[in-house]
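The figures that follow rest on heavy atoms only: side chains count, while hydrogens, waters and symmetry mates do not.
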Amino acid sequence: MSETHFNQGDQVEVTTSVHGGSTGPYYPATVLRPVIKDKAHILVQYQTLTAHGGGPKPLTEIVEVGNVRPMPPRELHRPFKVGDDVDAFRAKGWYRGTVREILENSKYLVVLDGQADLEFEFDHFDLRVHREWDDGSWVPPLPQEQKSSGVVKCRKITFKISDKKETKGANFGRRTLEDDQEFECEQFNLRLHREWDDRSSVPPLPEEQKSSGVVKCRKIRFKLKAKKETVRRNFENGTLVEVSSDEEGYKDAWYTARIVDYMGKDKFLVEYVSLVTDDRTQLLREEASSSHIRPCPPPLPSLVQFKVLQKVDAWYNEGWWEGSISKVLTGSKYVVYFSSTNEELEFKHSNLRLHQDWRNGHWVMDPCQDFYGL
């Protein structure tokens with residue numbers, strides 16, 4: 001494994017293998033700091049391992065940099081087939097193995113390396129493609145669509161706090177800004193500083209905004225016309241997508257499917273990845289309007305922990321259901337509230353993902369969401 005430079009707060013995986021081998025196990029962790037005068041070691045805090053004695057306190061340990069790698073992105077919508085080289089989450093870590101058999105309800109039988117005589121059953125979301133971190137890149141490489149996804153990319157700007165009068169008492173979360181500190185911030189989270197003095201802004205707003213300090217917007221009525229060919233090009237046959245429904249009891253749920261064919265009149269024939277026919281002999285197919293179809297959301301970096309009120313999608317009844325965290329439990333479990341059904345259910349961390357919305361051809365997140373959950 002090639003050595004990589006890590007910074008405080010980086011989400012990583014640590015292997016306890018004596019030789020740093022590819023079989024693992026790999027345990028998720030967070031980098032706390034480098035070790036003083038020792039570039040070959042760093043201090044990490046494990047996300048799934050607890051301190052000796054069985055208490056709730058996470059295990060903190062000094063480890064060799066050569067046994068640490070970045071946390072690989074999750075490919076939540078990738079189906080597996082027999083013979084696939086995978087990592088399986090078991091006993092609080094990721095172990096390398098091979099898919100032996102595909103079961104019902106998105107489950108798989110996996111044989112772990114070094115345990116050829118034993119088969120273990122895993123849920124789909126407790127598996128991932130096995131990859132090696134080699135010289136700063138993943139082998140095999142990540143799919144091309146993850147490198148140029150539909151996520152809106154924002155410029156990051158580094159700024160320095162230097163004026164006591166302007167920053168005294170200003171807070172971000174639980175941290176108070178101090179003088180001469182530098183921060184990196186997304187561009188859309190910054191604005192030009194202005195004072196409100198004698199009912200006007202200083203410095204003044206641009207000329208077109210000067211009417212009583214309130215921005216006046218013109219309203220324009222217009223009509224959009226879209227050709228059927230344009231809609232069709234958005235979803236080629238074989239494209240992996242998510243499909244929703246207006247049917248009562250299924251609102252706010254998205255099911256993974258593949259585009260089979262364009263049926264005309266803005267409709268597509270789709271085949272669901274995890275839903276089957278009533279006789280359970282084949283995957284379910286049905287027509288769906290393009291307004292109920294969206295691309296699969298791109299994977300995001302794994303979170304250490306979700307927070308109360310954070311918007312999430314929960315894997316439930318073979319689909320992703322929109323909800324919000326209402327309670328954080330021990331053992332990497334959460335209670336999620338679903339406003340569409342006014343009920344709460346308990347989920348494991350691995351069965352949740354950050355909620356994203358598909359708007360105007362881009363994936364966007366609520367800017368109030370704490371992306372890294374730190």
Side-chain angles (χ1 to χ4, degrees), residues 47 56 74 76-77 89 104-107 123-126 150-152 173-174 240-257 267-268 270-278 280 283-360 362-374:
Q47 299 174 14
R74 299 296 303 274
L76 299 178
H77 301 278
F89 191 78
E104 295 181 346
N105 299 321
S106 299
K107 296 180 182 292
D123 289 328
H124 181 95
F125 293 100
D126 285 330
V151 177
V152 178
R174 297 180 183 176
L240 201 62
V241 295
E242 289 188 343
V243 182
S244 66
S245 173
D246 284 335
E247 187 176 345
E248 193 64 32
Y250 293 93
K251 294 180 179 179
D252 292 336
W254 292 88
Y255 296 90
T256 308
K267 290 187 177 181
F268 294 83
V270 300
E271 181 180 80
Y272 293 97
V273 171
S274 56
L275 299 181
V276 296
T277 55
D278 291 338
R280 308 186 69 82
L283 295 175
L284 177 64
R285 289 188 175 191
E286 68 176 10
E287 286 188 9
S289 171
S290 64
S291 60
H292 291 103
I293 302 176
R294 69 181 187 184
C296 292
L300 299 172
S302 301
L303 290 180
V304 178
Q305 187 181 58
F306 294 104
K307 291 187 175 182
V308 173
L309 299 182
Q310 204 161 25
K311 294 181 180 180
V312 295
D313 296 335
W315 180 255
Y316 178 67
N317 281 348
E318 308 300 329
W320 289 103
W321 295 73
E322 300 176 16
S324 59
I325 302 293
S326 61
K327 187 180 298 183
V328 179
L329 308 176
T330 58
S332 297
K333 294 183 178 180
Y334 305 86
V335 175
V336 178
Y337 171 72
F338 301 97
S339 59
S340 60
T341 58
N342 195 30
E343 62 180 337
E344 291 183 321
L345 296 173
E346 184 178 310
F347 293 90
K348 296 190 299 183
H349 184 97
S350 60
N351 287 338
L352 299 177
R353 70 183 185 188
L354 277 174
H355 177 71
Q356 301 177 73
D357 287 308
W358 180 249
R359 298 176 185 169
N360 300 322
H362 295 284
W363 286 105
V364 296
M365 294 178 61
D366 186 340
C368 295
Q369 292 233 60
D370 184 354
F371 181 82
Y372 292 100
L374 296 175

Expected output: side-chain Glu322 to main-chain Ser340 donor-acceptor under 3.5 Å: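 The answer is no, because no donor-acceptor pair under 3.5 Å joins these two groups.
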Polar side chain donor-acceptor pair, Glu318 to Ser106, under 3.5 angstrom: yes
Donor on one side chain, acceptor on other, Gln305 and Tyr334, under 3.5 Å: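 Looking only at side-chain atoms, Tyr334 and Gln305 do not form any donor-acceptor pair under 3.5 Å.
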Matching residue for Trp320 among Phe338, Trp254, Phe125 - test: ring-ring contact (aromatic ring centres under 6.0 Å, His included):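 When Phe338, Trp254, Phe125 are each tested with Trp320, the ring-ring contact (aromatic ring centres under 6.0 Å, His included) holds only for Phe125.
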Gap separating the NZ atom of Lys267 from the OG atom of Ser289, nearest 0.5 angstrom: 7.0 Å
Close side-chain approach of Val273 and Leu240, heavy atoms under 4.5 Å: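 Sidechains of Leu240 and Val273: in contact.
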Side chain to side chain donor-acceptor pair (under 3.5 Å) partners for Arg353, two or more places apart: His77, Glu242, Asp313
What closest approach, in Å, do [X] and [Y] show between heavy atoms, and which atom pair accounts for it?
| X | Y | result |
| --- | --- | --- |
| Ser350 | Asp126 | OG-OD1, 3.3 Å |
| Ile325 | Lys307 | CB-O, 3.2 Å |
| Ala253 | Tyr255 | CB-CE1, 3.9 Å |
| Arg294 | Val241 | O-CB, 3.3 Å |
| Trp321 | Tyr316 | NE1-O, 2.8 Å |
| Val308 | Ser326 | CG1-O, 4.1 Å |

Qualifying residue for side-chain contact (heavy atoms from CB on, under 4.5 Å) with Lys333, from Leu329, Val335, Thr330: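 The residue from Leu329, Val335, Thr330 that satisfies side-chain contact (heavy atoms from CB on, under 4.5 Å) with Lys333 turns out to be Leu329.
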Ion pair Lys327/Glu344, N-O distance below 4.0 Å: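 Salt bridge absent between Lys327 and Glu344.
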